[in-house]
Visitor: 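Dropping a structure here in structure tokens format, bear with me for questions.
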Amino acid sequence: MEYDFRKIESKWQARWKERQTYRVEVNHNKPKFYVLDMFPYPSGAGLHVGHPLGYIASDIYSRYKRLCGFNVLHPMGYDAFGLPAEQYAVQTGQHPAVTTEQNIARYRSQLDKIGFSFDWNREVRTCDPEYYHWTQWAFLKMFDHYYDNATGRAEKISDLTARFEKQGTEGLDAACTAPMRFTADEWKAMNEKEREEVLQNYRLAFRADTLVNWCPELGTVLANDEVKEGLSVRGGYPVEQKKMKQWLLRVTAYAERLLSGLDSLEWSDSLKEIQRNWIGRSVGAQMFFEVADSPLKLEIFTTRPDTIFGVTFMVIAPEHDYVPQLTTPDNQAAVEAYLDETKKRSERERIAETKRVSGVFTGSYAVNPFSGKRIPIYISDYVLATYGTGAIMAVPAHDSRDYAFARHFGLDIVPVVEGGDLSVESYDAKSGKMINSGFIDGMDVKEAIPVMFDEVERRGLGRRQINYRLRDAIFSRQRYWGEPFPVYYKDDIAYPLSEEKLPLCLPRIDDFRPTEAGDPPLARVEGWATAEGYPYEVSTMPGFAGSSAYYLRYMDPHNDRELVSRQADEYWRNVDLYVGGIEHATGHLMYSRFWNKFLYDLGYVCEQEPFKKLVNQGMIQGRSNFVYRIKGTNKFVSCGLKGEYDTQEIHVDVNIVRNDILDLDAFRAWRPEFAEAEFVLEEGRYVCGWAIEKMSKSMYNVVNPDRIVEEYGADTLRMYEMFLGPLEQSKPWDTNGIDGVHKFLRRFWSLFTDRDGNLALSDEKATPAELKTLHKTLKKVQEDIENFSFNTSVSAFMICLNELGRCNKREVLEPLVVLIAPFAPHIAEELWELLGHTASVCDAEFPRYNPEYLVENSFEYPVSVNGKLRFKKELPLGISREEIEAAVLSDPNAQKYTEGKAPRKVIVVPGKIINIVI
RNA sequence: GCGGAUAUGGUGUAAUUGGUAGCCACGUUAGACUUAGGAUCUAAUGCCUUACGGCGUGGGGGUUCGAGUCCCUUUAUCCGCACCA
């Protein structure tokens, strides 16, 4: 009987559901293994064929681990809060909760058709109050903690206030927004509001006036990772810098741990590198430059203290606090004009014009502490207010930006490191001999740097300092569809809601636009306040809030007393394998690690890092097809002949094209304007052009997995997605070629069954050749799964079948059913049942290969003479090098090439090749 | 500008990690069967050449008996960061 995948797949999907095959519980008799996919945002467009790629890979791995005896946690859920649902709501008035619900239902039905082994009993949705209860809870915990650099972990705010009570800030080394100094008496003298303002400086979740990325089009602020090149990642709208009071998370407190933790992770080097760059640690010196004729001291940060003798001017950011004090009366007008100009420039313009040099002289001078020279102080927007101290010492000879600035304003350029040609460009390299630098003259740059660090500290000019590029995460969004903050305001002080009051549920509203006053939609809600009438926060949390700890919730999803129970956490610990896209490198993956480390400090989780191993699947691009219309006509010319006409390229729906041949009738039926289309064919066919583009509706290249499942079956889809190429590589989807995999499954099916669909296996003993093929395949597939090389394992199956021919021996075929089960679970279950097993193939034992069957007793050596391959010589294994040499040299073939001469040397690589050099 | 990755037939890719480049598929061609199909089976298929043979892993150079693989250099494409002091 034909391989009836529709019947088989619906049968087993129903049975899995009914028998709860994939339900998993804590089981101390088995080792655990946690396989996680990045949960999807359920968009209105549904899944296309690229989305399940990672899910299929992780499903194969989960099933494999289960066969190997692990208790596998493999959950799935939805990242359900977010902008698109809300924007859709603004346009249509449809409540985001409703559209989200619909989208989830659609996703679920699509996912179910592919035959995943998810434990749906553990599903989470970030928009579910029972879920965001714990997002809010974590926020409260962050609000109630600060980061103590001395203990290297988060500590209670009450410990901090107790300390202030006793000794003020004396001896305190804590992560903060701006350093503070006060005594115990000063603390005691503060009122509640003043004290809270102090504490906001230390809390891990805090409110501050900061320069934020404001996106007017979206009406919300965005985190740094949500902005790219001055445009919002979602929507691509311009983003401007604006000072606003916002909630932030003090991610920077964990910068060092986020960086050092990377070393212990099995992540790709490129991903780790992205995170390292994002954290951007740099070691340097923070030092003070005295301002001439003024009590002011200008604080700067530098990584090149060795170049101090080359400092010829200083630059401060336009937003720097000292701008007014440093501006002399006769420069006032020019400075104001410059500040105006820079304020008007958007972030985007600033980025676009990085080559343009601009700036203004303040009229003040600083004193170079080493050379004693007076150096002018400039204002320029090439110095960033948000990095370091917002002020720099400029060394034009050895920094390209300072060089450009000095050239533009005609400032001195003093070389202090030998090398380069300063008439053309600065010499930025960190190597060379120091010159014009007093006591460090003659040293190499690498020697000079530590010497200068010491000297700066000895003279009391400053100290060593580590700076990070990483910024605190802006945590409020002026949106509706997100987690409400569990805080209320009294006299403009934020107070946390008590934990018993959680979750603070998002109120239902009908109008999702900002208010006329520009406040977020929640400001429309009457009575959005505590029982006592104190107003709640009207912003909501950003998308990453809900996704930062979802992997923990899956461990214990129905617990209404805690995020995760100690027992569940201690059993499941952390994610052993995380599969998802690289696009979350600086967002979700950074925030999750931060969140997890925080919870670790508080003792709620037992592992420092949430995701042990991470695999990034590549993107699946679309493969678009084109037809060519002769301009001004309704005539279409086949691709190969289009050069002879003046044509217009038109995207055509890939679903009516097969192997680049257009289905003419389907094309005429596709759109009314093509109903009367005429064609210029080549060899009787219309050949379409093609291109690799993003998979999107507008390109008509979206392939829906439902359609593939309907036509070929889920097992074919699963195997074909893997066969397409290496998991981590981006590649285009091309439905051409799926036949090969489908054919393979049909052949596999037919080996087991007769025409009536009954089992037709023989109990005959397998030949050594068949056993060799079987065990070779077992070995290869197992190794490939462990290396995430799923494409080559699919090939291995095909080779296996080619080699087995029409073999129908049970001894050979039965292990193959288990072997293929992770890839094609439906057909495997059906065959397993036919083979007489009552338990699911999911609970079978992974077949181990027997190395004995793979042993060769002879090897065919390729023999080359002077590097040129000449003949092959078959020799028994296990003979010595000398014996091989003698056997080869006595071979008449060899003598023909050596012409009787003794070879200069003979190279024997056992098991590989023999080379004779004359 | 800095950092990372990739480059192999008409297409997707593979190569025991330095050992006969192109496995496995798609596509194409020819044939078989056939109540004609987008089914199945067989064979061929890197390029040039009637053949002998030659050339072939983006380009150039090197190490080596031997290089897709290692080194240097160069080009192209993709990704990340980007005035980070």
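Sequence lines set the chain letters: A, B, ... in the order given, protein chains first and strands last, and positions in each chain run from 1. Values below: all heavy atoms of this structure, side chains included; hydrogens, waters and symmetry mates excluded. Quantities reported herein were computed from a predicted structural model and do not represent experimental measurements.
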Visitor: Write down the distance separating the P atoms in G10(B) and C47(B), rounded off to the nearest Å.
Guide: 7 Å
Visitor: For the pair made of CG in Asn277(A) and P in C2(B), what is the distance, rounded to whole Å?
Guide: 13 Å
Visitor: Are Tyr387(A) and Ser282(A) close enough that a side-chain donor and a side-chain acceptor fall under 3.5 Å?
Guide: yes
Visitor: Base, sugar-phosphate alone, or nothing: which one does Asn736(A) contact when heavy atoms must sit under 4.0 Å apart?
Guide: sugar-phosphate
Visitor: Using a cut-off of strictly less than 4.0 Å between a heavy atom of the residue and any atom of RNA chain B, enumerate the qualifying residues of residues 774-797 of chain A by number.
Guide: Asn791(A), Thr792(A), Ser795(A)
Visitor: To the nearest Å, give me how far apart CG (Asp739(A)) and P (G12(B)) are.
Guide: 18 Å
Visitor: Which whole-number value in Å describes the distance from Asn802(A) CG to C26(B) C1'?
Guide: 14 Å
Visitor: Could you give the distance separating G46(B) and U42(B) at their C1' atoms, to the nearest angstrom?
Guide: 23 Å
Visitor: Look at the side chain of Val383(A) and decide which nucleotide, out of C41(B), A85(B), C24(B), has an atom nearest to it.
Guide: A85(B)
Visitor: With ring centroids as reference points, do Tyr3(A) and Phe748(A) lie under 6.0 angstrom apart?
Guide: no
Visitor: Whole-Å distance between A25(B) C1' and Leu801(A) CG?
Guide: 14 Å
Visitor: Which one is paired to G46(B), where only Watson-Crick or G-U wobble pairs with both distances under 3.5 angstrom count?
Guide: C55(B)
Visitor: Tell me: CE of Met619(A) to C1' of C79(B), nearest whole Å?
Guide: 10 Å
Visitor: Pick the nucleotide of RNA chain B nearest each of Gln729(A) and Tyr712(A); which residue has the one closer to the 5' end?
Guide: Gln729(A)
Visitor: Using purine N1 to pyrimidine N3 plus N6-O4 or O6-N4 for Watson-Crick, or N1-O2 and O6-N3 for G-U wobble, each under 3.5 Å, what pairs with G80(B)?
Guide: C2(B)
Visitor: In the strands shown, is G68(B) matched to any nucleotide by a Watson-Crick or G-U wobble pair with both distances under 3.5 Å, and which?
Guide: none
Visitor: Restricting to side-chain hydrogen bond (donor to acceptor under 3.5 Å, both in side chains), what partner residues turn up for Thr303(A), sequence neighbours left out?
Guide: none
Visitor: Which of these nucleotides, A85(B), G3(B), C24(B), is closest to any side-chain atom of Glu273(A)?
Guide: G3(B)
Visitor: Whole-Å distance between A5(B) P and Trp267(A) CH2?
Guide: 18 Å
Visitor: Provide the distance between the two C1' atoms, one in A5(B) and one in C24(B), to the nearest whole Å.
Guide: 26 Å
Visitor: Who does C26(B) pair with, Watson-Crick or G-U, both distances under 3.5 Å?
Guide: G10(B)
Visitor: Please classify the glycosidic conformation of G9(B) as syn (within 90° of 0) or anti (everything else).
Guide: syn
Visitor: Taking side-chain hydrogen bond (donor to acceptor under 3.5 Å, both in side chains) as the test, write out the residues that go with Thr252(A), two or more places apart.
Guide: Asp472(A)
Visitor: Under the salt bridge (charged side-chain N to carboxylate O under 4.0 Å, His left out) rule, what pairs show up with a residue in residues 717-737 of chain A, not counting sequence neighbours?
Guide: Asp59(A)-Arg718(A), Arg623(A)-Asp734(A)
Visitor: The side chain of Phe723(A) is closest to which nucleotide in this list: A25(B), G27(B), G80(B)?
Guide: A25(B)
Visitor: For atom P, what is the distance between U57(B) and A21(B), given to the nearest Å?
Guide: 11 Å
Visitor: Would you say the side chain of Leu614(A) lies within less than 4.5 Å of the side chain of Leu589(A), judging by non-hydrogen atoms?
Guide: yes
Visitor: Which nucleotide in the set A85(B), C24(B), G27(B) lies at the smallest distance from any side-chain heavy atom of Phe301(A)?
Guide: A85(B)
Visitor: Please classify the nucleic acid contact of Glu728(A) as base, sugar-phosphate, or nothing, using heavy-atom distances under 4.0 Å.
Guide: nothing
Visitor: When you check the glycosidic angle of U17(B), does it come out syn, meaning within 90° of 0, or anti?
Guide: syn
Visitor: Whole angstroms only, please: what is the OH-P distance between Tyr427(A) and A85(B)?
Guide: 18 Å
Visitor: Could you give the distance separating A7(B) and A14(B) at their P atoms, to the nearest angstrom?
Guide: 9 Å
Visitor: Quick check: on RNA chain B, is the nucleotide nearest Ile392(A) upstream (toward 5') of the one nearest Lys743(A), or the reverse? Name the residue that is more 5'.
Guide: Lys743(A)
Visitor: Which part of the nucleic acid, if any, lies within contact of Asn467(A), taking any heavy atom under 4.0 Å across all strands shown: a base, the sugar-phosphate backbone alone, or nothing?
Guide: nothing
Visitor: With a non-hydrogen cut-off below 4.0 angstrom, is Arg746(A) in contact with a base, only sugar-phosphate, or nothing?
Guide: sugar-phosphate
Visitor: Using the P atom on both, measure C72(B) against G80(B) and round to a whole Å.
Guide: 27 Å
Visitor: Do the two ring centres, one from Tyr720(A) and one from His742(A), sit under 6.0 Å apart?
Guide: no
Visitor: Would you mind telling me which of C83(B), A25(B), G4(B) lies closest to the side-chain atoms of Tyr382(A)?
Guide: C83(B)
Visitor: Can you see whether Trp267(A) has Arg593(A) sitting over its ring - NZ or CZ less than 6.0 Å from the centre and within 45° of the normal?
Guide: yes
Visitor: Would you kindly give the NZ-to-P distance between Lys731(A) and C26(B), to the nearest whole Å?
Guide: 19 Å
Visitor: Given that both distances must come in under 3.5 Å, which nucleotide forms a Watson-Crick or G-U wobble pair with C41(B)?
Guide: G31(B)
Visitor: Among the nucleotides A85(B), C81(B), C83(B), which one has an atom lying closest to any side-chain atom of Tyr387(A)?
Guide: A85(B)
Visitor: Could you tell me which nucleotide pairs with U20(B) by Watson-Crick or G-U wobble geometry, both distances under 3.5 Å, or answer none if nothing does?
Guide: none
Visitor: Kindly write out the residues that satisfy salt bridge (charged side-chain N to carboxylate O under 4.0 Å, His left out) with Asp715(A), not counting sequence neighbours, or none if the list is empty.
Guide: none
Visitor: Return the set of residues passing side-chain hydrogen bond (donor to acceptor under 3.5 Å, both in side chains) with Lys272(A) (not counting sequence neighbours), or none when no residue passes.
Guide: none
Visitor: Can we call the ring centroids of Tyr849(A) and Tyr853(A) under 6.0 Å apart?
Guide: no
Visitor: With C1' as the reference atom in both, quote the distance from G27(B) to G9(B) in angstrom, rounded to an integer.
Guide: 12 Å
Visitor: NA contact type, Pro732(A), heavy-atom cut-off 4.0 Å: base, sugar-phosphate, or nothing?
Guide: nothing
Visitor: Does Arg469(A) put a side-chain nitrogen or oxygen below 4.0 Å from OP1 or OP2 of A82(B)?
Guide: yes
Visitor: With rounding to the closest Å, how many angstrom separate the P atoms on U8(B) and C78(B)?
Guide: 15 Å
